[in-house]
Amino acid sequence: MEANSAAIKWFSLCIVVLLSLGFQGIQCDVTYDNKALIIDGQRRILFSGSIHYPRSTPQMWGGLIQKAKDGGLDIIDTYVFWNLHEPSPGNYNFEGRYDLVRFVKLVQKAGLYVHLRIGPYICGEWNFGGFPVWLKYVPGISFRTDNEPFKMAMQNFTQKIVQIMKDENLFQSQGGPIILSQIENEYEPEDKAFGSAGHAYMTWAAQMALSMNTGVPWVMCKEFDAPDPLINTCNGFYCDYFSPNKPNKPTMWTEAWTGWFSDFAGPNHQRPVEDLAFAVARFLQKGGSFVNYYMYHGGTNFGRTSGGPFITTSYDYDAPIDEYGLIRQPKYGHLKDLHKAIKSCEKALLNADPTVENLGAYKQAHVFSSNSGDCAAFLVNYHPNGTGKLTFNNMHYSLPPWSISILPDCKNVVFNTAQVGVQTSQVQMLPTATGLSWETFSEDVLSVDEDKITTVPGLLEQINVTRDTTDYLWYTTGLTIRSYESFLHQGNLLNLTVDSAGHALHVFVNGELSGSAHGSRKSKRFTFTVPVKLHAGRNRISLQSIAVGLPNIGTHFENWKAGIERVTLHGLDKGEKDLTWNKWSYKVGLKGEDMNLGSPDSVPSVEWMKRTTSAQSPPLTWHRAYFDEPKGEDPLALDMGSMGKGQVWINGNSIGRYWTVKATGDCNACRYNATFRETKCQFGCGQPTQRWYHVPRSWLKPTKNLLVVFEEIGGDSSQISLVKKISHKSPPHLVKVHFD
Ligand SMILES: *[C@@H]1O[C@H](CO)[C@@H](O)[C@H](O)[C@H]1NC(C)=O
Ligand SMILES: *[C@@H]1O[C@H](CO)[C@@H](O)[C@H](O)[C@H]1NC(C)=O
Ligand SMILES: *[C@@H]1O[C@H](CO)[C@@H](O)[C@H](O)[C@H]1NC(C)=O
Ligand SMILES: *[C@@H]1O[C@H](CO)[C@@H](O)[C@H](O)[C@H]1NC(C)=O
Ligand SMILES: *[C@@H]1O[C@H](CO)[C@@H](O)[C@H](O)[C@H]1NC(C)=O
């Protein structure tokens with residue numbers, strides 16, 4: 001399609017707004033054609049980046065958005081987080097980190113557009129995929145399929161968000177920054193699994209979204225059947241294989257994965273920028289016109305917001321802006337250079353279809369030559385090892401392996417994806433506050449069933465009992481051992497075997513920790529056998545079951561269980577004893593949680609004990625200390641390397657779950673010149689998956705900040721330190737000063 005027909009279309013979809021006050025401006029619907037999104041009557045090549053507002057703080061938003069703009073982005077993309085906004089049915093929260101309108105307006109102020117991915121299923125390695133836990137307990141509900149209670153709730157929330165945006169005039173059709181919205185998210189696997197009910201639901205979701213009349217297009221990512229006029233879009237490490245499901249739709253990439261998330265006990269992941277730039281150039285040379293980096297800033301899963309189970313508190317993602325808001329080089333700078341090179345080709349890319357010339361094995365030229373005389377070319381060397389020597393338009397070019405050169409005038413190379421002209425940044429974690437003065441408070445295991453909530457025969461499903469108000473559920477039972485049992489006289493231990501649906505477990509017998517176990521993100525279930533010391537007479541078995549983030553992905557993930565399902569004892573004279581149908585008493589959460597110990601406003605009667613030794617604390621210990629804010633602007637983190645597993649609060653704000661479990665993985669060499677998968681380029685094997693935990697500056701006051709740690713297993717709090725994260729270019733320059 002030629003540009004002038006787009007202009008005609010534009011004219012018909014714009015409204016000149018004349019109010020009584022006078023001329024107000026032109027408001028246009030955002031539309032599209034086969035080439036691109038059309039904004040203000042113009043086709044556009046658009047670069048976008050995902051920045052999720054609750055994964056940083058309002059004080060950080062402005063800086064992150066500005067860095068995104070400076071990095072050559074046009075759009076900020078965010079999900080909308082239903083479980084933050086509607087904590088109980090009909091009660092909404094849009095305050096602080098959840099202030100979506102403020103976030104969208106900051107993007108607008110910076111002169112960028114917004115892609116609002118409402119979902120409301122968002123996956124996102126976020127607790128329960130973004131669904132509030134109460135939704136699971138709506139009678140008759142079944143998630144993400146042709147189910148009336150689910151569809152009602154989904155429509156309600158979508159309507160709520162759209163109405164808020166309309167009331168604030170935030171859609172582009174109203175003069176606002178939102179040019180695009182998403183309904184559902186990566187539905188294709190469910191569409192297949194649910195058959196006709198899935199298809200009916202997906203079709204309903206599309207119609208429901210369209211009925212909201214936002215004046216901007218809707219996308220469904222990873223849903224090949226997305227009904228017209230919704231645009232189906234691609235998510236992945238590469239998307240050059242992708243074409244939309246109708247020839248009149250533009251080719252869009254809603255998630256170009258810049259790295260990958262981590263889960264506790266797994267490695268960290270990095271994606272070389274040479275390969276990321278190569279992937280983006282491959283997409284554009286095929287005719288793609290929209291690329292969103294997922295993530296551009298990953299940020300932090302504060303509190304208990306991470307999904308999984310076992311997604312780490314850090315959601316750094318190896319993104320161009322790191323978890324702390326610092327620019328990550330060379331990733332950020334190399335992509336910025338790429339964006340500049342592509343923008344200098346924009347007219348040719350938008351006005352011509354590419355012709356592909358094969359220039360020998362592994363070598364191609366993609367040429368965009370328009371009637372109006374614009375010409376841009378992409379020269380490709382797909383060879384993973386060999387330099388690509390090729391001749392194009394009678395000129396000779398030499399390309400590194402696995403790379404694309406960009407020629408905005410079909411002659412001169414301005415950029416090659418494998419040649420990085422940006423210095424690498426080096427980061428350091430510099431201790432600032434150490435040797436804090438600690439006090440402790442013990443979470444008494446034996447007193448647990450004095451404030452039991454229920455005693456029932458059998459083992460209850462964990463989430464049904466806690467409703468996810470806490471990670472912790474105590475299962476406690478009594479057991480009488482006759483004095484004639486042989487094991488007592490032989491000095492033997494018995495084995496206790498616990499079958500758990502997930503996610504982690506500490507076994508206490510008569511108040512002492514016997515052992516701990518956990519599942520993994522892939523197999524949440526585990527069976528744990530632990531030797532236990534029982535004495536003649538009455539014994540108490542206390543099992544602390546721990547949820548480590550609710551699942552965020554998988555067909556009917558809402559039905560996945562957590563908690564203890566079977567308990568047996570081995571080694572008694574009569575053989576195996578099944579305790580499953582014993583009377584069990586239940587206690588939701590910790591005493592310290594009931595007393596709000598993480599908060600400065602906690603119950604004052606708690607007797608904190610001065611900590612005098614620097615030895616490992618016993619299991620289930622609360623630790624507290626006060627510290628002053630370190631000077632300067634550098635971002636801060638807690639070094640939790642000396643601790644085991646638990647949660648941290650500062651001035652009552654939850655920093656998140658911590659766990660220093662060591663990473664296992666395949667930490668072999670990482671090279672850019674091969675097809676990337678998350679199983680490649682793993683780092684940090686043998687080290688804690690996450691040692692440092694982001695402390696937002698805005699949560700601090702100048703003096704006397706309250707730091708509270710709940711440690712489940714045991715750790716040495718005297719070694720906890722507050723560190724500054726410093727980034728500088730490498731190698732550090734020695735600047736020589738000359739005087740003439
Ligand atoms: C939808 O919203 C209406 C009005 O706010 C409310 O009465 C109703 O209970 C909601 N339904 C669901 C399923 O959330
Ligand atoms: C790349 O090099 C490796 C050895 O380093 C070789 O096994 C492989 O076949 C080469 N790839 C190609 C496409 O030549
Ligand atoms: C590409 O990969 C091969 C292994 O197949 C490696 O030996 C080579 O050094 C890499 N080339 C570049 C330019 O990095
Ligand atoms: C949740 O617990 C209630 C009793 O408290 C029980 O009736 C119900 O069946 C349980 N639901 C699930 C899904 O386990
Ligand atoms: C306990 O388990 C261990 C390891 O599986 C086994 O060697 C031992 O015999 C068991 N003891 C009893 C009393 O069952």
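Just so you know, ligand 1 is whichever comes first in the structure, and atom 1 is the first atom listed for that ligand. As the structure is a computational prediction, the values presented were derived from the model and not from experiment.
- With W402 as reference, D275 is the one residue of N381, T675, D275 to meet the side-chain hydrogen bond (donor to acceptor under 3.5 Å, both in side chains) rule.
- Within the 4.0 angstrom cut-off, atom 5 (O) of ligand 5 has no protein heavy-atom neighbours.
- Per-residue contacts place P384 under 4.0 angstrom from the following atoms of ligand 3 (heavy atoms of the residue considered): 1 (C), 2 (O).
- A salt bridge links D594 with K587; the closest basic N to acidic carboxylate O contact falls under 4.0 Å.
- Of the N and O atoms on the side chains of S403 and N416, at least one donor lies less than 3.5 Å from an acceptor on the other residue.
- A salt bridge links K151 to D146: one of the charged nitrogens lies within less than 4.0 Å of a carboxylate oxygen.
- Residue P400 places every heavy atom at 4.0 Å or more from ligand 3.
- Counting protein heavy atoms only, atom 13 (C) of ligand 4 is closest to N464 ND2, 4.4 Å.
- Listed by number with element, the atoms of ligand 3 under 4.0 Å from a non-hydrogen atom of P401 are 13 (C).
- Between H339 and Y293, the distance separating the two ring centers is shorter than 6.0 angstrom.
- For ligand 5 and L493, the ligand atoms under 4.0 Å from any heavy atom of the residue are 13 (C).
- Proximity of atom 9 (O) of ligand 5 to the protein is not indicated, since no non-hydrogen protein atom lies closer than 4.0 angstrom.
- Other residues, nucleotides and ligands contribute more than 12 heavy atoms inside 6.0 Å of the CD atom of E576.
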Worksheet item: Can you list the steps and then say if Y187 with Y201 is a ring-ring contact (aromatic ring centres under 6.0 Å, His included)?
Response: CA-CA 10 Å; Y187 192 65; Y201 159 71; 5.2 Å; yes

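- Ligand 3 has no N or O atom lying under 3.5 Å from any N or O atom of Y672, backbone or side chain.
- Distance from atom 14 (O) of ligand 5 to its nearest protein heavy atom, with residue and atom name: N495 ND2, 3.3 Å.
- The proximity of A674 to ligand 3, defined as any non-hydrogen pair under 4.0 Å, does not occur for either the backbone or the side chain.
- Note on ligand 5: N492 sits outside its first shell, no heavy atom being nearer than 4.0 Å.
- In this structure, K363 contributes its side chain and K389 its backbone to a donor-acceptor pair below 3.5 Å.
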